[in-house]
Amino acid sequence: MGKPQATDEEMIAAAKAAHAHGFIKRMEKGYDTLLSEDGGNLSEGQKQLLCITRIMLALPPMLILDEATSSIDTRTERKIGDAFEKLMQGRTTFIVAHRLSTIVNADTILVMQSGRVVEQGTHKRLLAQNGEYAKLYNGQFA
């Protein structure tokens, strides 16, 4: 799980924070289940939740999240949002996302089109500018 010396309690706590504990417990061997090399015995959402669990267990100094919640349903995404907020505190975090709900609390948002930065700012500032970010955001939440 990214931290070989982790205790069972630490692994379970990380899985609970990532909302992976439930599906892990339902697997035939629970936390002792062997996964195939490509994770073929897991759904895409389960694979993502396990990746998030590993992050929460290892606590790296920097995070790069590329579509970290793209295969997770929006209800689960909302549930793990608080855990992500805590995890990102005190860490430099780069988030690549099309689901704008995952970046609204970012210190700086870069809006890109065709590989170029077209806007930069906070969520509130970018909405006020009524530019590309506002169009994207309103398209998802209006």
Side-chain angles (χ1 to χ4, degrees), residues 1-128 131-142:
M1 289 290 282
K3 185 178 177 185
Q5 73 279 16
T7 65
D8 289 350
E9 292 78 18
E10 288 175 308
M11 281 194 294
I12 291 169
K16 284 181 177 179
H19 293 272
H21 180 71
F23 88 79
I24 293 170
K25 291 300 289 179
R26 287 189 298 275
M27 296 176 87
E28 186 178 333
K29 294 184 180 179
Y31 281 85
D32 294 321
T33 301
L34 293 177
L35 302 177
S36 62
E37 185 175 322
D38 65 351
N41 50 339
L42 298 173
S43 72
E44 289 303 312
Q46 289 171 331
K47 289 178 192 176
Q48 264 186 322
L49 291 176
L50 284 181
C51 286
I52 293 167
T53 300
R54 290 181 69 197
I55 293 167
M56 293 188 176
L57 184 63
L59 298 173
M62 178 186 287
L63 299 173
I64 300 173
L65 306 173
D66 187 357
E67 300 292 352
T69 59
S70 64
S71 295
I72 298 171
D73 62 272
T74 52
R75 196 171 105 220
T76 303
E77 179 187 1
R78 277 189 226 116
K79 287 181 181 178
I80 64 171
D82 290 339
F84 261 148
E85 286 295 319
K86 291 176 190 166
L87 180 66
M88 289 186 265
Q89 288 181 4
R91 288 180 175 75
T92 298
T93 306
F94 295 92
I95 304 171
V96 177
H98 285 91
R99 281 190 187 173
L100 301 183
S101 59
T102 61
I103 62 168
V104 295
N105 294 320
D107 295 329
T108 303
I109 298 169
L110 302 176
V111 181
M112 299 186 71
Q113 283 185 335
S114 302
R116 298 182 60 204
V117 176
V118 295
E119 292 178 338
Q120 178 177 333
T122 64
H123 169 74
K124 188 176 179 179
R125 184 171 151 221
L126 289 170
L127 284 180
E132 292 303 314
Y133 180 84
K135 287 180 197 172
L136 291 169
Y137 186 82
N138 291 329
Q140 287 184 22
F141 298 101

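- The two residues T53 and A20 come nearest to each other via the heavy atoms OG1-CB, 3.5 Å.
- For the pair F94/L110, no side-chain contact is recorded, criterion being any heavy-atom separation below 4.5 Å from C-beta on.
- Looking at heavy atoms from C-beta onward, L87 lies in side-chain contact with L59 at the 4.5 angstrom threshold.
- When every heavy atom of A15 is checked against every heavy atom of I24, the shortest pair comes out as CB-CD1, 4.0 Å.
- Formation of a donor-acceptor pair under 3.5 Å by the E119 side chain with backbone atoms of I109 is not found in this model.
- Looking at Q140, its side chain does come within 3.5 Å of a backbone N or O of L100 through a donor-acceptor pair.
- Residues I103 and H123 have side chains not in contact (no heavy-atom distance under 4.5 Å, counting atoms from C-beta outward).
- Residues L35 and M27 form a side-chain contact, since some pair of their non-hydrogen atoms from C-beta on lies under 4.5 Å apart.
- Nearest heavy atom pair, residue I52 against residue A18, reads CG2-CB, 3.7 Å.
- Side chain of R26 to backbone of G22: a donor-acceptor contact under 3.5 angstrom is found.
- Looking only at side-chain heavy atoms (C-beta outward), M88 and I95 come within less than 4.5 Å of each other.
- In this pair, Y31 and H21 present their aromatic rings tilted. The plane angle is within the 30 to 60° band.
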